[in-house]
Amino acid sequence: MTRVEEYDSIEDVETHDEDLVIICEREMLFGTPVDELVAAIREEIIGDQLTLEQHPEGIDRLDQHGWLVQHSLWLIHCEQLIGDEGNRRLDFYLSTKSIPKNTEILVCIEDGSEEKRAQLEKEYGSRIRVVTGKRLLVAKASSYLNTANPIKGRAGKEYILAWNNAVCTLLDEFGEANYG
């Protein structure tokens, strides 16, 4: 992954590489291997102007803001946010303006607990999207990717431009420490 470069105009957005960071210690979610979930999401992407690269090492790189902020789609297991096991750095990212607002953050609750959902939504509000099953996960992720897709014309390109340039601003403001 190379550093995101700022777009000068909407005409610069022809194709786009999306990056999915997986922040989870599990190899399976909703009874399905994470690789299969990502493959199912890829199958739902419209056209050929958008690619999706997965980064399963997210849990090990939470201290690398410059790297993490360049991922537009996050997949987090709820255990990373709830209780004593919750990750404070991850909590910081979700509670501050240290990541672009257009970053899509999907939080998986495998047991469908309404109590966990309520706690997460109270804590993070509209910053996250709670998913409670494989079909919902694939639908939410692919919907996001197809919104931020150059094939959607001007609207898709504007979405990408806004997210991309917000990342560049954050990298400039926070510095690129721990980018690698």
Side-chain angles (χ1 to χ4, degrees), residues 1-24 27-30 32-62 64-77 93-94 97-108 126-174 176 178-180:
M1 178 177 183
T2 58
R3 184 195 190 279
V4 171
E5 296 297 326
E6 192 163 349
Y7 290 129
D8 292 324
S9 71
I10 197 166
E11 287 76 32
D12 294 340
V13 183
E14 291 300 319
T15 61
H16 188 65
D17 300 320
E18 290 281 349
D19 289 289
L20 165 64
V21 64
I22 299 164
I23 303 172
C24 175
E27 300 206 7
M28 294 181 71
L29 291 169
F30 306 114
T32 304
V34 173
D35 289 345
E36 287 182 29
L37 290 170
V38 175
I41 294 167
R42 278 191 188 108
E43 288 176 15
E44 298 298 318
I45 296 174
I46 298 169
D48 62 357
Q49 296 176 338
L50 183 89
T51 61
L52 179 63
E53 182 72 30
Q54 78 183 62
H55 299 275
E57 70 274 20
I59 194 90
D60 297 323
R61 297 186 76 172
L62 288 176
Q64 298 175 9
H65 178 259
W67 178 82
L68 191 63
V69 74
Q70 295 182 74
H71 294 76
S72 56
L73 180 58
W74 295 18
L75 180 59
I76 303 171
H77 192 280
Y93 293 141
L94 298 181
K97 295 182 179 188
S98 60
I99 56 174
K101 69 178 181 177
N102 288 338
T103 299
E104 183 74 355
I105 300 166
L106 303 175
V107 179
C108 301
S126 63
R127 189 68 195 99
I128 63 167
R129 308 268 182 270
V130 173
V131 293
T132 55
K134 174 185 174 178
R135 288 179 49 178
L136 186 58
L137 169 63
V138 172
K140 294 262 186 195
S142 61
S143 174
Y144 168 76
L145 293 169
N146 287 321
T147 298
N149 188 332
I151 204 156
K152 292 292 186 172
R154 185 165 189 85
K157 290 179 179 186
E158 285 175 349
Y159 200 93
I160 292 168
L161 179 91
W163 176 85
N164 186 84
N165 290 354
V167 169
C168 292
T169 299
L170 286 170
L171 290 173
D172 292 343
E173 288 178 4
F174 284 95
E176 292 186 48
N178 299 314
Y179 164 67

- Using modelled atom types only, decide if a donor and an acceptor are shared between the side chain of Y144 and the backbone of N102 within a distance under 3.5 Å. yes
- Can you check side chain to side chain contact (heavy atoms under 4.5 Å, CB included) on N149 and L145, steps first, answer last? CA-CA 6 Å; N149 188 332; L145 293 169; over 6 Å; no
- Query: To the nearest 0.5 Å, what is the distance between CG (D60) and CD1 (I23)?
  - Reply: 11.0 Å
- Note on the structure: Note: L50 and A148 closest approach over all heavy atoms is CD1-O, 3.5 Å
- Message: Per the salt bridge (charged side-chain N to carboxylate O under 4.0 Å, His left out) rule, what does the pair list look like for residues 143-160, sequence neighbours excluded?
- Response: E14-K157, R154-E158
- Query: What's the shortest heavy-atom distance between Y93 and H65, and which atoms?
  - Reply: CE2-CD2, 3.4 Å
- Apply side-chain contact (heavy atoms from CB on, under 4.5 Å) to E5 and list each qualifying residue two or more places apart in sequence or on a separate chain. R3
- For D17, enumerate each residue passing the side-chain contact (heavy atoms from CB on, under 4.5 Å) test, keeping only those at least two apart in sequence or located in another chain. T51
- Message: Distance check, rounded to the nearest 0.5 Å: L68 atom CG versus T103 atom OG1?
- Response: 9.0 Å
- Note on the structure: With sequence neighbours left out, the residues meeting side chain to side chain donor-acceptor pair (under 3.5 Å) with D35 are Q54
- Query: Got a sec, which residues hit ring-ring contact (aromatic ring centres under 6.0 Å, His included) with F30, two or more places apart in sequence or on another chain?
  - Reply: none
- Item | Candidate pair I105 and I99, rule side chain to side chain contact (heavy atoms under 4.5 Å, CB included), full reasoning | CA-CA 11 Å; I105 300 166; I99 56 174; 3.6 Å; yes
- Query: Do L171 and Q70 have side-chain heavy atoms sitting under 4.5 Å apart?
  - Reply: yes
- Exercise: identify the closest heavy-atom pair between H71 and W163: C-CZ2, 3.8 Å
- Rounded to the nearest 0.5 angstrom, the CG-CD1 distance for N146 and I46 is 4.0 Å
- Who are the side-chain contact (heavy atoms from CB on, under 4.5 Å) partners of D12, not counting sequence neighbours? Y7, D8, S9
- Item | Contact summary for I76 and L94, nearest pair of heavy atoms | CD1-CD1, 4.4 Å
- Item | V34: side-chain contact (heavy atoms from CB on, under 4.5 Å) partners, not counting sequence neighbours | I22, L29, V38
- Task: Test V4 against V69 for side chain to side chain contact (heavy atoms under 4.5 Å, CB included), laying out the working first.
- Result: CA-CA 10 Å; V4 171; V69 74; over 6 Å; no
- For the atom pair OG1 (T32) and CD (E27), what is the distance rounded to the nearest 0.5 Å? 13.5 Å
- Item | salt bridge (charged side-chain N to carboxylate O under 4.0 Å, His left out) involving E57 - partner list, sequence neighbours excluded | R61
- Is there a side-chain contact between I160 and P150, using heavy atoms and a 4.5 Å cut-off? yes
- For R129, which residues count as a salt bridge (charged side-chain N to carboxylate O under 4.0 Å, His left out) partner, sequence neighbours excluded? E104
- Task: Kindly compute the distance separating CD1 (I151) from OG1 (T15), expressed to the nearest 0.5 Å.
- Result: 12.0 Å
- Message: Just to verify, what does S142 make a side chain to side chain donor-acceptor pair (under 3.5 Å) with, not counting sequence neighbours?
- Response: none
- Query: Any side-chain heavy atom of V21 sitting closer than 4.5 Å to one from D19?
  - Reply: no
- If you look at every heavy atom in L136 and V130, which pair is closest and at what distance? CD2-O, 4.1 Å
- Message: Rounded at 0.5 Å granularity, tell me how far CG in L73 sits from CD in E53.
- Response: 13.0 Å
- Message: Using the side chain to side chain donor-acceptor pair (under 3.5 Å) criterion, which residues pair with S98? Sequence neighbours excluded.
- Response: T96
